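A short worksheet on the structure shown next.
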Amino acid sequence: MLPPRARANRRRQGVALVMTLGAIAVIGALVAGVLLSSLLERRAAMDQMLRSRALDAAELGLASTIAPAAWNAAWSSTTARGTITLRAFALDAPDAVDTVRVTKLSARALLVVSDARVGLSPLAFARRRVSTIVVLDSALRPVPARAHTWLELTR
């Protein structure tokens with residue numbers, strides 16, 4: 001049988017082992033938390049970048065459509081109400097698609113809606129839609145865009 005002093009030393013050695021394993025577990029949990037947090041931050045930053053690119057693409061399509069040089073006179077002179085045209089814009093990025101729909105509301109008012117989608121993956125994409133009302137002047141030309149603002153419609 002061991003003397004009482006030897007038994008006490010043996011118990012202390014067991015406590016040190018348990019304390020060491022507990023410290024390693026706490027450090028591991030902290031490392032896992034930091035990794036998860038950084039992964040979520042990276043994903044949020046990528047989503048924000050995609051949303052920003054989609055909004056830029058939608059605004060570009062809208063501004064390009066209502067620019068006086070790009071405006072089609074047939075859109076102004078048609079008497080039919082409803083969707084007049086649906087245009088697809090070629091963008092520089094291979095993962096970006098932009099479509100613009102021009103709808104005749106009245107004799108002198110048209111609605112122009114630009115819908116952009118950026119990202120190839122179904123899990124990592126963003127879609128933005130902006131629109132504006134175009135008012136025609138007496139010569140059936142669109143009023144310059146600075147007189148009107150457009151609205152972002154989120155998904």
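Positions are given from 1, in the same order as the sequence printed here. Because the structure is predicted, anything quoted here is derived from the model rather than measured.
Thr132 is listed as a side-chain neighbour of Ile66, based on a closest heavy-atom distance under 4.5 Å. Residues Leu110 and Leu136 are in side-chain contact: their nearest non-hydrogen atoms beyond the backbone lie under 4.5 Å apart. Using a 4.5 Å heavy-atom cutoff, the side chains of Val100 and Val112 are in contact. Using a 4.5 Å heavy-atom threshold, the side chains of Thr85 and Asn72 count as separate. Looking only at side-chain heavy atoms (C-beta outward), Leu111 and Ser131 come within less than 4.5 Å of each other.
The two residues Ile84 and Lys104 come nearest to each other via the heavy atoms CD1-CB, 3.5 Å. Between Asp115 and Asp98, the shortest heavy-atom contact is O-OD1, 2.9 Å. Between Ala116 and Ala54, the closest heavy-atom pair is CB-O, 3.4 Å.
Connection of Leu55 to Val97 is not established within any shared hydrophobic cluster, with ILVMFWY side chains joined at heavy-atom distances below 4.5 Å, either directly or through further cluster members. At a threshold of 4.5 Å between side-chain heavy atoms, the hydrophobic network of Ile, Leu, Val, Met, Phe, Trp and Tyr places Val134 and Val130 in one connected group.
Between the side chain of Ser38 and the backbone N or O of Val34 there is at least one donor-acceptor pair closer than 3.5 Å. A distance-only check finds no donor-acceptor pair linking the side chain of Ser37 to the backbone of Gly33 [under 3.5 Å]. In this structure a side-chain-to-backbone donor-acceptor pair under 3.5 Å is missing from Ser64 to Gly61. Looking only at distances, no side-chain donor or acceptor of Arg101 sits under 3.5 Å from a matching main-chain atom of Val113. Of the possible polar contacts, none joining the Ser52 side chain to the Gln48 backbone as a donor-acceptor pair under 3.5 Å is found.
With rounding to the nearest 0.5 Å, the separation of CG in Asp47 from CE in Met49 is 9.0 Å. The CG atom of Leu60 sits 8.5 Å away from atom CG of Asp92, with the distance rounded to the nearest 0.5 Å. To the nearest 0.5 Å, the span separating CE on Met46 from CZ on Arg51 amounts to 10.5 Å.
At a cut-off of 3.5 Å, with distance as the only test, no side-chain donor of Thr65 or Trp71 sits close to an acceptor on the other residue.
Salt bridge status for Asp95 with Arg53: present, with a side-chain N to carboxylate O gap under 4.0 Å.
The neighbour count for Arg87 CZ, taken as heavy atoms of other residues, nucleotides or ligands under 6.0 Å away, is above 12.
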